Amino acid sequence: MQNRNEAKWRNELKYLSPEYILTAIEARAKCVLKTDNHTGERGFYAIRSIYFDDYDNRCYFENEDGTDPREKFRIRAYNCSKERISLELKQREKGKCHKISCPMSLSMCEKIMSGKIPEAKSDTPYLIKKLICQMQSRALKPVVIVSYERVPLVYEVGNVRVTFDRNIRSSTNIEDFFEKKLAARPILSVNTNMIEVKFDEFLPDFINEVLQTSMLAQTSFSKYYFCRKFNFVSEPI
């Protein structure tokens, strides 16, 4: 388990981009950045996250209002695999983000997906205990699946990570989290995708130059927010 005091606060920039611009920037970036080793032969991996919210949809409205600080829980898996499941807590404060995580067992994940609150034991990781506590006190529950494909590029100096996220989709079928053919809906305009840039203290000039174009639209909203907003009209408030 990652120590909750060790993770760094990082800068995070998000941009909505037409696909043809994203493709051009991706090609330029690959000339100066390395592809993350976890991508494998395909050059990308599929990400799915289950996000939580409480009885009054606090996470959604805090994101919409730009509340500072704020935080949200998510369960994350890669390539629809049940072998590596993580619980993550994403925190944001003063324009920076901070993420802590720990492994989660499949049995606990399935219990949460079914709407049950797991039992905390003496050896239960701190982060899972915090989630259980908020499920009990705030009626925190799984509300949406965010699904997309990611091409991640990295640069060690400054701990830079540039990701190109395509086919961002939303689903409220929590029980189908591991299904390869998840019933999900696109949440952005046709041929619009997202670029994210994360770094510690500084972003090297040459990487900043690679990203320069007047066609990028910076956004403060997360994929979670866009996915919740897409479904929100049908959800009870």
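Quick caveat, the model's predicted, so the values are computed rather than measured.
- Counting non-hydrogen atoms of other residues, nucleotides and ligands closer than 6.0 Å to NZ of K129 gives a total above 12.
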Test salt bridge (Lys or Arg N to Asp or Glu O under 4.0 Å) on R48 and E179; report intermediate values, then the result.
CA-CA 10 Å; R48 282 195 190 159; E179 294 294 327; over 6 Å; no
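- Two residues are said to be in side-chain contact when any heavy atoms from C-beta on lie closer than 4.5 Å; L131 and F52 meet this criterion.
- Here the SG atom belonging to C109 is positioned 5.0 Å from the CD1 atom belonging to I50, to the nearest 0.5 angstrom.
- I132 contributes atom CD1, which lies 5.0 Å from atom CE of M108 (distance to the nearest 0.5 angstrom).
- Remark: side-chain polar atoms of D53 are paired, donor with acceptor, to backbone N or O of R58 under 3.5 angstrom.
- No side-chain donor-acceptor contact under 3.5 Å links R138 to the backbone of M135.
- Contact check for E26 versus V162: no side-chain heavy atoms found under the 4.5 Å cut-off.
- Separation of atoms NE2 (H98) and NZ (K90) is listed at 11.5 Å; rounding is to 0.5 Å.
- A heavy-atom distance below 4.5 Å is not found between the side chains of V154 and L33.
- Between F206 and Y155, the gap from one ring centroid to the other is short of 6.0 Å.
- D165 is not listed as a side-chain neighbour of E149, based on a closest heavy-atom distance of 4.5 Å or more.
- Once rounded to the nearest 0.5 Å, the distance linking CG of N63 with CG of N57 reads 12.5 Å.
- Taken to the nearest 0.5 Å, the CD atom of E19 stands 13.5 Å off from the OG atom of S189.
- Residues K30 and L153 are in side-chain contact: their nearest non-hydrogen atoms beyond the backbone lie under 4.5 Å apart.
- Contact of the N173 side chain with the I145 side chain is not registered, since no non-hydrogen atoms from C-beta on lie closer than 4.5 Å.
- The closest side-chain heavy-atom distance from P152 to Y45 is below 4.5 Å.
- Cation-pi geometry between R228 and Y225 is not satisfied (NZ or CZ under 6.0 Å from the ring centre, within 45° of the ring normal).
- Side-chain atoms of E88 and S49, non-hydrogen and from C-beta on, never get closer than 4.5 Å to each other.
- A cation-pi arrangement is present between K223 and Y148 under the rule of less than 6.0 angstrom and at most 45 degrees off the ring axis.
- Side-chain heavy atoms closer than 4.5 Å link hydrophobic residues (I, L, V, M, F, W, Y) into clusters, and following such links, possibly through other members, connects I100 to L140.
- For E196 and R150, the salt-bridge test passes: some basic side-chain N is under 4.0 Å from an acidic carboxylate O.
- Once rounded to the nearest 0.5 Å, the distance linking OG of S81 with CZ of F178 reads 8.0 Å.
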